[in-house]
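Encoded as structure tokens, the structure appears first; notes follow it.
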Amino acid sequence: MRAAVWVGIALIVAGVAVYLRGGITRKEEVVDVGPLTISKSERQEIPPWIAGLAVGAGVLLVAAGMRSKA
């Protein structure tokens, strides 16, 4: 398969994953003193239209990759 197809599949998977999870969670260690570790989790919301845009772009790339191969 061509590179465009693989990139398209990756965009589709990433878009669906972001849509289902509703965002990205980032975990960061704030304090690390001996056996004591304090961390904080921060959730960044990603609008659903961005996930839809990624899925749409992925579908277009897969279609273009398949079409150019034929």
Side-chain angles (χ1 to χ4, degrees):
M1 277 197 250
R2 299 178 89 65
V5 174
W6 287 110
V7 172
I9 291 171
L11 277 174
I12 292 170
V13 169
V16 169
V18 166
Y19 180 76
L20 291 177
R21 293 201 54 182
I24 297 173
T25 304
R26 187 182 312 177
K27 191 171 185 178
E28 176 182 350
E29 287 188 13
V30 179
V31 176
D32 188 11
V33 179
L36 178 66
T37 302
I38 300 174
S39 61
K40 73 174 188 174
S41 294
E42 186 177 334
R43 183 169 179 87
Q44 295 178 339
E45 296 294 325
I46 297 178
W49 64 268
I50 293 178
L53 189 66
V55 170
V59 169
L60 287 176
L61 280 173
V62 168
M66 294 297 226
R67 176 177 250 182
S68 67
K69 189 175 185 178

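Predicted model, so just to flag it, every value in this text is computed and none were measured.
If you chain together ILVMFWY residues whose side-chain heavy atoms come under 4.5 Å of each other, L11 ends up grouped with V7, L61.
In this structure, A4 and G65 approach most closely via the heavy-atom pair CB-CA, 4.3 Å. The minimum heavy-atom distance linking I12 with V62 is given by the pair CD1-CG2, 4.2 Å. The minimum heavy-atom distance linking G15 with A54 is given by the pair CA-CB, 4.1 Å. Nearest heavy-atom pair across M66 and V5 is N-CG2, 4.0 Å.
Under the salt bridge (Lys or Arg N to Asp or Glu O under 4.0 Å) criterion, E45 pairs with R43, not counting sequence neighbours.
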